Amino acid sequence: MKNVPQTIDAYMDGFNPEIVEIMIKVRSVIHEAVPDLKECISWGMPTFKLNGKNLVHFAGNKHHLGFYPGTEAIEKFKNNLTGFKTSKGGIQFPYNKPIPTDLIAEITRYNASEIKALF
């Protein structure tokens with residue numbers, strides 16, 4: 001079985017510099033959108049937690065960055081996601097197009113408001 005990285009930095013070590021640059025930007029956007037998040041690796045992906053709950057994940061792939069905000073966020077932002085391949089809980093942002101950092105920040109803030117409503 002492949003060694004699962006224990007930190008986001010270790011996760012990014014295996015990717016080419018162009019993809020790492022995108023991941024660093026997305027990581028920064030997530031932290032700017034919702035300060036004081038905890039980072040970990042969950043499901044083998046960089047994960048950001050708020051109040052102990054998974055907020056969002058991302059994952060590097062060959063041709064796209066997978067962003068995983070969950071099913072409710074996908075439904076809420078479906079009108080903003082036309083032109084991107086989506087699944088039940090994820091969005092594929094192709095590397096050959098600009099990564100929509102404003103949208104990532106907005107989705108991250110939405111998920112944070114949903115989690116905060118639980119407390």
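Quick caveat: nothing in here was measured; it's all calculated off a predicted structure.
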Which heavy atom in [X] sits nearest to a heavy atom in [Y], and how many Å separate them?
X    : Y    : answer
A112 : V34  : CB-CG2, 3.7 Å
A33  : A105 : CB-O, 3.7 Å
I8   : P46  : CG1-CB, 3.6 Å
E18  : N16  : OE1-OD1, 2.8 Å
A73  : N111 : CB-OD1, 3.4 Å
I19  : Y95  : CG2-OH, 3.4 Å

Inset, instruction - Run the salt-bridge test on K78 and E75 with the 4.0 Å N-O cut-off and return the result as yes or no. - result: yes
Are [X] and [Y] packed together at the side-chain level, in the sense that at least one heavy-atom pair is separated by less than 4.5 angstrom?
X    : Y    : value
F77  : I91  : no
Y68  : M45  : yes
N54  : S42  : yes
P94  : H63  : no
F84  : Q92  : no
L81  : L103 : yes
F93  : F58  : no
I104 : T108 : yes

Legend entry - K49 atom NZ, over 12 foreign heavy atoms within 6.0 Å: yes
Inset, instruction - Might you confirm whether atom CG of D36 has over 12 heavy atoms from other residues, nucleotides or ligands at distances under 6.0 Å? - result: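 No, CG of D36 has 12 or fewer neighbouring heavy atoms, counting only those of other groups under 6.0 Å.
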Output the distance between atom [atom1] ([X]) and atom [atom2] ([Y]), rounded to the nearest 0.5 Å.
X   : Y    : atom1 : atom2 : answer
H57 : T47  : NE2   : OG1   : 4.5 Å
K76 : E114 : NZ    : CD    : 8.0 Å
N80 : I74  : CG    : CD1   : 11.0 Å
I30 : E39  : CD1   : CD    : 9.0 Å
E72 : I107 : CD    : CD1   : 13.0 Å

Treat each ILVMFWY residue as a node, draw an edge where side-chain heavy atoms are under 4.5 Å apart, and state whether [X] and [Y] are in one component.
X   : Y   : answer
I24 : L37 : yes
Y11 : V4  : yes
F48 : W43 : no

Inset, instruction - Could you tell me whether the side chain of N51 and the main chain of I115 form a donor-acceptor pair under 3.5 Å? - result: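 Not a single qualifying donor-acceptor pair exists.
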Inset, instruction - Check R27, H31, K25 against V29 for a side-chain contact (heavy atoms from CB on, under 4.5 Å) and give me the one that passes. - result: K25
